[in-house]
Each structure stands twice: as structure tokens, then as C-alpha cells.
Amino acid sequence: MTNEEFEKATPTTGASERAGGEHGEPRATETDQERSDAPADAAPELTETTANADADDQPRQPAVPDVGDDGAHSVPRAEGVRTHRPASEHGTIPADQIGPADPDGPVPAAPDHDGHDHGHGSGHEHDHGEADADDCGCGTSCGCSDGDAETADAAAVATDGVLASEASEGSSELVSDGGTAPSNVTADGQLELGEMTEPAEGKSQDIEHEDPPDERVGLPDGVDLDTPGYEIRDRMNDIETPDEKTWFMELDEAVIDDDRCIQCGTCVAACPSDSIGIGDDDLPELVKMCTGCSLCWDFCPRGGLRYERQWKLTGGDDNVSGAGDPITEYSATVEDDWRENAQDGGVVTSVLIHLLEAGEIDGALVATESEEEPWKAEADLATTPEELIANAGSFYNQTMALGNVDVEQWAHKLPTTDPEELSLALVGTPCEIEGIRALQDFDWDYAAHETGVRAIDYTIALMCTKNFNYETLLGEMVEAQRGIPIESIGKLDVLHGDLMVWDTDGEMVLQEEIEEFHDAALKGCDECADFTGYTADLTVGSVGSSDEYSSVIVRTEQGMTAWNATKDDLDFHDLEDRSAIGGLQSWDKKKAFESLEREFDPDAPRFIDYTDHAENYGTEMNPHEAGH
């Protein structure tokens, strides 16, 4: 390109004039007239420094602007130009933060000693001479080179020692500080987020860590942190708890910690958030955050459930006196060979087998003996006649039965059928039957236990005056105090007011009044007035019939269906001694009235407010605010 062509191609406004000609040939110095004819906003030409003998050996520096007679710079300071870069800014600077505020404004030029001019804006423009291509003053970081191969190789290296082509993934785009443009930053400096990986749903993420994720680390010596006290809620927010809300900690304070829990498991089944589980001590415990829904309190037979009201709602006005108002009553026994291992007449096992074989039920929730601890009862779902026969007999500790109605727990034993078509039977104590009846009276969602609660179509109550703590009764009072090893017990029964124990050879080794073992009884049982299971379909027990016979009370039409399915295989006759049952029921009520610290009223509302309970029992109000 000739000088004439170059001058025509060079803009006169908003750009700097070149100080050198084509191929780096020096141009003649402009006259003052020529300078005065230039546009006002064009950058003035800068004077070259005088060359000396050592010029080739010294690093090239940008020329300085001329100074007028009055000492002022002949190059005016450009407004909006950053002249200093803070040390905190390293790497790539977005283009809109470099150069004049007005992108169309002039950019001062700075010719170097070899006659090429720099226009540093959002990039570099260089016109190199034939001398040193490295004389631009940028070093090799600018990436520009028309010189020899050695200089070109150096220019290909970024300032941090990484090839520019690698840093920019093959792109030749360069930015003002000599680096390459990041792939996720636009030309105007905006950050673009790449495609994000969606997190997995419904499963835990794998975390590699030296410590378990649930283990606190870095605690000071001697500090043992447990779950924070519930009063932390008040420090976290200023929201006042509504008066009608009742929390698990209030149930815990009023029933469990007060040693009144009867281990029925109703609170576990009622929880709509599955926040309550069963602890190693066979008592309910909070396993995750309580939502304050109040259901655990409302359905607890020793808490918010007025159980005598449930009797009336289930069986009518006549279901609150004597043994209630049954449809019919019998004394019955099983004639099959397996009956010798059953309790009394073996009627409960026979009824369940007939219901199972008739297709009326898919299984029955019963008590079975623990594999680790002899004579300790655990909940089990029997789905075959063989399982039912193996589990025949009675135990005298609770199983938290309603805490085990989650059908997923028994999925391996149940048919793959529509949950709405599932049918189960429940064998339990009167308080457990009260609990399931109350739960079924409402359409609330009981979460994991919902299907199991709705699936229970038959209920059989075992006559009961009290239940016992396993460790206290057998571990302390029978084995430790009376010298009878638990593993040597073949049969255990409470009959005619006595606790009776037989060994594995069938010989009776203990017979004492049950009152001698009162300290082993669950204290909450003292408040129960339901000896005969008023809310059950069938009630079965030994009182009122002779040895080897069971007393059977049919209370509902569903109970009549179960009886009719079984009676042809039973030896039965009219109930032998109804007064014996009525008498024990009256005695049981009398004991309950002495223990209850609230009014016994079948006509009162079904649910008892926590505030009313606290007033009657002297229970602490709002225990969560007191660090319970």
C-alpha cells in the first residue's frame, strides 16, 4: 500500500494516525501547518526519541507526549479512560471496562522507536517494521508478531506459560491484557452459565468424606452436643405457636416421660409425616421433625383420646355398662391337635385360619416370640395357617402393634394386589382396638400407615386387665428373684387372678397372685376401664369359661361373619359364667376411676385438649419452650 493509499484508508476522526508507512518505512515529519489542518479530536503526532548507539541493546519504551511552551501536555487526558489497573484485577477484563467511555471516541496513539503505532482498545492493532517484531513494548503477551519464527513462537505463549491457542481452545481472539477470551463470557462482559446437571431426585447423593455425614466434627473437648432444645424455635423466628397446636414433645411430657404409655403404637400410626418411630426401649420416639399436627396426641388412649366416648360411638349407648351389649356369647374350644400349644381353647387362631382360608383376609397382625429374647412378644404378620399355629398362645408384654401396620414392612409376605383391596385382621389388647377404631373414623392421611389402617377389616380383642414390662416381669421378678430361668418356661398365663408358670415338661413351677407383680405392670394400664374390648368385633379370653375353653363375645356383624366361618369346627355352647366377666369388668372400671385424674364421661367430646389434660394432671405447659 502506498502512502497515498494509506492516508485515504485512514479515518480522520475517532482513530489514531499511523506513525509509519507501509513495511515500516519512515515518513517525513509533518509541518506545523499540516498539524493545524488535522481535526481537533485527532491525537497529535508524538516526537520520536533520538536514536543512539545502544538503541538496539536497550528495551524499547513507548514515546512520551510533547509538552507545550506553557508546560501542559499536548495530548489531552481522555475522559473515562482507565489509567491505572488495581492489583486485585488479574486475568481477563471485560471489553466494556477498557478504553474510553465512548467507544467511538479517540484513542491516543503511541508510536514506538521502530515506527509502529499502537491503538490499544478492546484489542491490539500493530504495524510492524522489519526490525524487531518484539519492539512493540508488549513483550510476547499481545500475541502479535510479523517477525521471525522465533518471535512468532514466543507470541504464541500466553503470559502464564500456556499456549494461547490452548487457552482459547484454538481461537485466535485476544483481549486487552494479553490473555484469551473466556468461553463463557460474552463480548460485553456478561457471564453465560453452561448447561447444569439436574440433581437426582428421591435418593441420597454420594459424598466422600472422612467422617459420617451425620457426625459433628471439631467439637471442643468435653462438649457433647445432642438435639437442640425445642426452645431454639423461639430464637429462630418470632412466630407464635397457635394454641390449638399440640406437638409430640407434649405427648412425650404428659404420657411417655410420665410413665403412662401403654405401648399401643397408635401415635406412630397416626403421624401424617412418619415422624414417630419405636425406640430400643419399645417406646415411641421422635425420628424426625414434628409438624405440630396434634394427631399423635388426639389418638393416644392415655392422652387426647377419651376412650369411653369411643366405646359409645362404636357400640351405642348400651356399650358402656357391664360387658357391653353383645350380639351373642359362647364358651368354645378347638378339637384339632395343634390346640395344645394354644392359649385356653385356641379360638383366636382357629378364627384367623378360617378367615384366611375363606379368602376374607390376606393376613393377620399377631404377636410372635422374639428370636433373641424368649417370651418377649413382637409384632408379626401371619399370612399362612402354619404361621398362625406357630404363633398360638399369649404373651404379656405389648408389641406396639399399631406402630407396625405399615404394609411396606410386610410387602414380602403380602400378595401384589390393589392396596384398596387388601384385607387384614388385628389381634390386640382393648386399647389397641380403641386406637384403630378412632383412626378409621376419620379420612385423614396417615402416610406410611394409611393403607394398613384402612385394610384392617376384622378386630379381635383379648380380655386384659393390665400388661407388663418384659424386663421387669420376667427378667427381674421371675428369673432373678424367683430363680426360674426364662428359657425354661413352657407356658405363661394369668388365670383366676394368679400368675401361673409351667416349665417345658408341663409342670407348674409358679403360681402367685397377680398383685404381687404389680410393680412390673405398665402404669398406664391402671387408667383403663376396658377389660372386655368394647370396640372390637370379637372379644376372646379365659374368664367365664372352664379350663381349656375360651369365652367368646360377638359384638358386631363383622364379628358374626368371623364366628359363622369358624363355629362348625369348634366345640361350643352358651357362655358358662357371664357374671364372672361382668364382675371383673366392674372391678376394672373401679380401679380405673381411682387412677384417672380427669372426669370419666362417655358423653363428652372424643378428644381432650392438652390444656385440659395439663390442668387435671399437673403437666407442664409448652414443654418445648422450657427446653424439654
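Here the structure is a predicted model, which means the values were calculated and not measured.
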Salt bridge flag under 4.0 Å for residues Asp441 and Arg606: yes

Sidechain N-carboxylate O distance under 4.0 Å for Arg598, Glu308: yes

Any Thr333 side-chain heavy atom under 4.5 Å of Val347 side chain: no

Residue pair Ser545 / Ser331, side-chain donor-acceptor N/O under 3.5 Å: yes

Side chain proximity check, Trp297 to Val255, heavy atoms < 4.5 angstrom: yes

With sequence neighbours excluded, residues passing side chain to side chain contact (heavy atoms under 4.5 Å, CB included) with Leu584: Thr465, Phe531, Val543, Trp587

Side-chain H-bond candidate by donor/acceptor type, Glu378 with Ser370, under 3.5 Å: yes

Heavy atoms from other residues, nucleotides or ligands near CD of Gln511 exceed 12 (cutoff 6.0 Å): yes

Side chains of Met400 and Cys264 in contact at under 4.5 Å (non-hydrogen atoms): no

Contacts of type side chain to side chain contact (heavy atoms under 4.5 Å, CB included), residue Asn319, not counting sequence neighbours: Trp311, Tyr534, Arg555

Spatial distance of atom CE (Met560) from atom CD1 (Ile327) [nearest 0.5 Å]: 7.0 Å

Gln585 and Thr532: CA distance, side-chain angles, deciding distance, side-chain hydrogen bond (donor to acceptor under 3.5 Å, both in side chains) verdict: CA-CA 7 Å; Gln585 175 66 80; Thr532 57; 2.9 Å; yes

Pair Phe607 and Phe442, ring centroids less than 6.0 Å apart: yes

Heavy atoms from other residues, nucleotides or ligands near CD of Glu597 exceed 12 (cutoff 6.0 Å): yes

Stepwise salt bridge (Lys or Arg N to Asp or Glu O under 4.0 Å) test for Asp603 and Lys312: CA-CA 8 Å; Asp603 295 318; Lys312 192 169 183 177; 2.3 Å; yes

Side chain to side chain donor-acceptor pair (under 3.5 Å) partners for Thr459, two or more places apart: Arg437, Asp537

Within 6.0 angstrom of Glu594 CD, more than 12 heavy atoms from elsewhere: yes

Under 3.5 Å: donor-acceptor pair, side chain of Lys245, backbone of Ser294: no

Derivation and outcome, side chain to side chain contact (heavy atoms under 4.5 Å, CB included), residues Asp530 and Glu434: CA-CA 9 Å; Asp530 190 4; Glu434 291 165 356; 2.8 Å; yes

Residue pair Ile608, Asp298: steps toward the side chain to side chain contact (heavy atoms under 4.5 Å, CB included) verdict: CA-CA 7 Å; Ile608 304 167; Asp298 291 339; over 6 Å; no

Main-chain N/O of Ile489 paired with Trp375 side-chain donor or acceptor, under 3.5 Å: yes

Pair Asp457, Ser423: side-chain N/O donor-acceptor within cut-off below 3.5 Å: yes

Any donor-acceptor pair under 3.5 Å from Ser542 side chain to Ser550 backbone: no

Extract all donor-acceptor atom pairs below 3.5 Å that involve side chains of residues 267-280 and protein atoms in other chains or at least two apart in sequence.
unit_1	atom_1	unit_2	atom_2	d
Ser273	OG	Ser275	OG	2.6
Asp274	OD1	Ala448	N	3.2
Asp274	OD2	Ala448	N	3.4
Ser275	OG	Met289	O	2.9

Acceptor/donor pairs from residues 471-481 side chains to any protein atom, 3.5 angstrom cut, sequence neighbours excluded:
unit_1	atom_1	unit_2	atom_2	d
Thr472	OG1	Asn469	OD1	3.1
Glu479	OE2	Ile486	N	3.3

pair Leu365-Val427: side-chain heavy atoms closer than 4.5 Å: no

For Ala461, side chain to side chain contact (heavy atoms under 4.5 Å, CB included) partners two or more places apart: Ile433, Ala536, Thr539

pair Ser551-Met463: side-chain heavy atoms closer than 4.5 Å: yes

Residue pair Ser579 / Asp577, side-chain donor-acceptor N/O under 3.5 Å: yes

Side-chain H-bond candidate by donor/acceptor type, Tyr549 with Asp571, under 3.5 Å: yes

Non-hydrogen atoms of Asp362 and Pro415 that approach each other most closely: OD1-CG, 3.9 Å

Salt bridge present between Arg454 and Asp445 (N-O < 4.0 angstrom): no

Ring pair (Phe, Tyr, Trp, His ring centres under 6.0 Å) between Phe248 and Tyr610, intermediate numbers included: CA-CA 11 Å; Phe248 174 82; Tyr610 182 80; over 10 Å; no

Asp493 side chain to Tyr396 side chain, donor-acceptor N/O pair below 3.5 angstrom: yes

Side chain proximity check, Gln263 to Asn397, heavy atoms < 4.5 angstrom: no

Leu462 side chain near Val348 side chain, heavy-atom distance below 4.5 Å: yes

Gln310-Thr314 side chain donor-acceptor pair, cut-off 3.5 Å: yes

Polar side chain donor-acceptor pair, Tyr458 to Glu360, under 3.5 angstrom: yes

Step-by-step ring pair (Phe, Tyr, Trp, His ring centres under 6.0 Å) determination, Trp563 to Phe572: CA-CA 11 Å; Trp563 171 257; Phe572 68 94; 5.1 Å; yes

Minimum side-chain heavy-atom gap Leu570-Val334 below 4.5 Å: yes

Donor on one side chain, acceptor on other, Gln398 and Thr429, under 3.5 Å: yes

Check: Asp418 side chain, Glu420 main-chain N or O, donor-acceptor pair, under 3.5 Å: yes

Side-chain donor-acceptor pair present, Thr383, Glu387, cut-off under 3.5 Å: yes

SB check Glu329 Arg578 (cutoff 4.0 Å): yes

